[in-house]
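For reference, the structure discussed in these notes is given below.
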Amino acid sequence: MIRRPPRSTQGVSSAASDVYKRQQLIRGLHNLKKQSSCVLTIGNFDGVHIGHQEIIKRLVEKSHELKMPSLVISFSVTPESFFGRPKARLSSFRDKHSFLKSMGVDMHLLIRFNNAFSQTSAASFVENILVEKLKVRHCFIGDDSRFGKDRLGDYRMLEKLSKPNNFIAENVGRVSLEGQRVSSSAVRLCLSSGNFSMAEKLLGRPFAISGRVSHGDKRGRTIGFPTINVGISRRLSPVLGVFNVLVETNKKTYYGVCNVGKRPTVGGEKTLLEVFIFDFNREIYGERVNIIFKQKSREEMKFDTFEELKQQIAKDVEIGRQYFKAHANLG
């Protein structure tokens with residue numbers, strides 16, 4: 001078991017701390033209170049990787065400079081999902097909101113992307129929502145951002161509409177790392193190939209999945225490997241297989257082996273996340289845990305018998321123990 005010291009607040013100003021406490025989540029334009037002005041940005045911000053962090057950093061700095069609230073617009077249903085092209089989400093909404101909050105964002109406006117909203121033209125989105133409803137005074141946008149019906153809105157259009165509507169549009173150029181562009185797609189590619197080291201660099205932190213421990217079918221305890229079950233609130237998972245992981249719970253960190261998949265040996269159909277925590281015998285149903293992925297051990301496999309599955313899990317656990325023994329400084 002690894003014990004970590006409490007997170008330090010050194011270097012965090014009282015103003016930033018106040019922003020963290022007061023950040024508002026606004027679910028839908030209909031819940032938006034009257035605005036006088038704001039500095040904003042738009043995007044899905046899936047994973048809140050280091051490219052996103054650069055945009056948010058500049059957003060918050062500008063909001064402090066202009067003494068206006070900072071606002072992030074994201075979507076409760078991504079445009080890709082709405083149009084039938086879903087991607088594996090890197091972060092749950094809860095985690096994304098928490099990341100934005102920790103970076104000092106004042107307001108997070110969540111717009112539901114539905115059929116009516118999909119028909120909103122780019123010009124209408126700018127003039128009726130950004131200008132009229134949100135009173136934007138400064139807008140940051142990524143160089144690959146698109147908005148509005150048929151994705152016709154981009155930085156050039158935003159800049160063209162900014163002068164007559166009394167706001168400034170600022171393009172945030174791409175962020176590159178080790179010769180590749182930082183993007184959510186690049187992170188997904190690293191995760192699917194088991195390159196957690198590069199994924200961590202792109203994210204600016206280790207890849208993790210958090211959630212609440214729920215009751216499972218308790219098959220693991222019948223073969224000597226009781227697991228905790230964490231619901232994955234995602235249609236597609238960015239990771240599948242067996243992994244060596246760190247498990248954070250109740251301010252303590254443990255080693256473990258995690259399986260993310262459909263459990264073909266028992267005829268499973270839904271993707272589940274199960275973790276066998278080493279040297280752990282406490283029930284934690286209902287508690288929130290954070291699963292940090294360190295190394296992929298193997299792909300998920302189907303076994304003919306439960307005994308074969310038990311033998312493989314024993315191998316997985318031994319491989320995991322050896323991995324963490326060799327990397328004892330991970331905590």
Side-chain angles (χ1 to χ4, degrees), residues 1-9 17 20-21 23 25 46-48 88-103 108 191 196 199-200 203 205-263 266 268 270-297 300 313 316-317 320-321 323-324 327-328 330-331:
M1 179 179 74
I2 313 163
R3 297 180 184 271
R4 288 182 175 174
R7 291 181 179 177
S8 172
T9 56
S17 178
Y20 184 96
K21 293 176 181 177
Q23 188 212 39
L25 171 61
D46 186 23
V48 195
R89 283 193 292 148
L90 300 174
S91 55
S92 66
F93 170 76
R94 180 191 180 104
D95 287 341
K96 176 169 69 174
H97 181 67
S98 178
F99 293 145
L100 295 175
K101 185 177 180 180
S102 69
M103 293 187 70
H108 183 187
L191 296 178
F196 289 101
E200 181 172 343
L203 288 168
R205 62 185 182 280
F207 172 73
I209 293 177
S210 65
R212 201 171 296 280
V213 178
S214 60
H215 288 274
D217 56 20
K218 300 179 174 59
R219 291 176 184 265
R221 64 180 59 186
T222 67
I223 55 175
F225 296 100
T227 61
I228 63 168
N229 299 270
V230 179
I232 300 180
S233 56
R234 321 172 187 206
R235 184 174 171 184
L236 299 172
S237 173
V239 289
L240 292 170
V242 177
F243 306 87
N244 297 320
V245 298
L246 299 177
V247 182
E248 295 179 334
T249 178
N250 197 28
K251 298 181 180 180
K252 295 180 181 179
T253 306
Y254 303 87
Y255 298 135
V257 170
C258 170
N259 182 84
V260 183
K262 296 184 177 180
R263 305 181 302 163
V266 296
K270 183 180 179 181
T271 300
L272 300 175
L273 187 156
E274 298 177 299
V275 187
F276 173 69
I277 306 175
F278 302 165
D279 310 314
F280 187 84
N281 58 6
R282 188 167 64 87
E283 289 194 354
I284 53 174
Y285 295 118
E287 293 186 19
R288 289 197 67 84
V289 296
N290 193 44
I291 313 299
I292 301 173
F293 290 73
K294 302 305 296 185
Q295 183 195 50
K296 186 167 186 175
S297 180
E300 189 175 40
I313 294 176
D316 295 336
V317 170
R321 288 188 184 278
Y323 171 80
F324 287 115
H327 300 80
L330 284 176

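We're numbering straight along the sequence, starting at 1. Only this structure's heavy atoms are used, side chains among them; waters, hydrogens and symmetry mates stay out.
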Non-hydrogen side-chain atoms of [X] and [Y] separated by less than 4.5 Å:
| X | Y | result |
| --- | --- | --- |
| Ile228 | Ile277 | yes |
| Ile313 | Val242 | no |
| Val260 | Cys258 | yes |
| Lys101 | Lys96 | no |
| Tyr255 | Tyr323 | no |
| Phe196 | Val239 | yes |
| Leu25 | His97 | yes |
| Ile291 | Val275 | yes |

Partner residues of Phe293 under the ring-ring contact (aromatic ring centres under 6.0 Å, His included) criterion, sequence neighbours left out: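 Counting only residues at least two positions away or on another chain, Phe293 forms a ring-ring contact (aromatic ring centres under 6.0 Å, His included) with Phe207, Phe243.
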Please find the pair of heavy atoms, one from [X] and one from [Y], that lie closest to each other, and give the distance.
| X | Y | result |
| --- | --- | --- |
| Gly47 | Ser91 | N-OG, 3.1 Å |
| Thr271 | Ser237 | CG2-CB, 4.4 Å |
| Pro238 | Leu191 | O-CB, 3.7 Å |
| Gly231 | Ser214 | N-OG, 4.5 Å |
| Lys296 | Leu240 | NZ-O, 3.1 Å |

Hey, is CZ on Arg212 packed in by over 12 heavy atoms from elsewhere, all under 6.0 Å? yes
Could you go step by step and tell me if Val289 and Val230 meet the side chain to side chain contact (heavy atoms under 4.5 Å, CB included) rule? CA-CA 8 Å; Val289 296; Val230 179; 3.6 Å; yes
I'd like to know if Glu248 pairs up with Arg288 as an ion pair, taking the criterion as any Lys NZ or Arg NE/NH1/NH2 lying under 4.0 Å from an Asp or Glu carboxylate oxygen. no
Test item: Asp46 side-chain N/O and Arg89 main-chain N/O as donor-acceptor pair under 3.5 Å: no
I need the single residue from Asn244, Asp279, Val257 that forms a side-chain contact (heavy atoms from CB on, under 4.5 Å) with Arg321. Which is it?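 The option that passes is Asp279.
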Just jot down the side chain to side chain donor-acceptor pair (under 3.5 Å) partners of Asp316, sequence neighbours excluded, or say none.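 Expected list: Arg298, Gln312.
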Begin with the C-alpha distance, continue with both residues' side-chain angles, and end with the deciding distance and a verdict on side chain to side chain contact (heavy atoms under 4.5 Å, CB included) for Leu273 and Asn229. CA-CA 6 Å; Leu273 187 156; Asn229 299 270; over 6 Å; no
Let me see the working for His108 and Phe93 under ring-ring contact (aromatic ring centres under 6.0 Å, His included), right down to the final yes or no. CA-CA 11 Å; His108 183 187; Phe93 170 76; 5.6 Å; yes
Polar contact flag, side-chain donor to acceptor under 3.5 angstrom, Asn259-Glu300: yes
Give the ring-plane orientation class for Tyr254 versus Phe280, where under 30° counts as parallel, over 60° as perpendicular and anything between as tilted. perpendicular
Compute both the distance and the angle, then confirm whether Arg205 meets the cation-pi test with Phe99: under 6.0 Å from the six-membered ring centre, within 45 degrees of the axis.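 Yes, Arg205 and Phe99 form such a contact.
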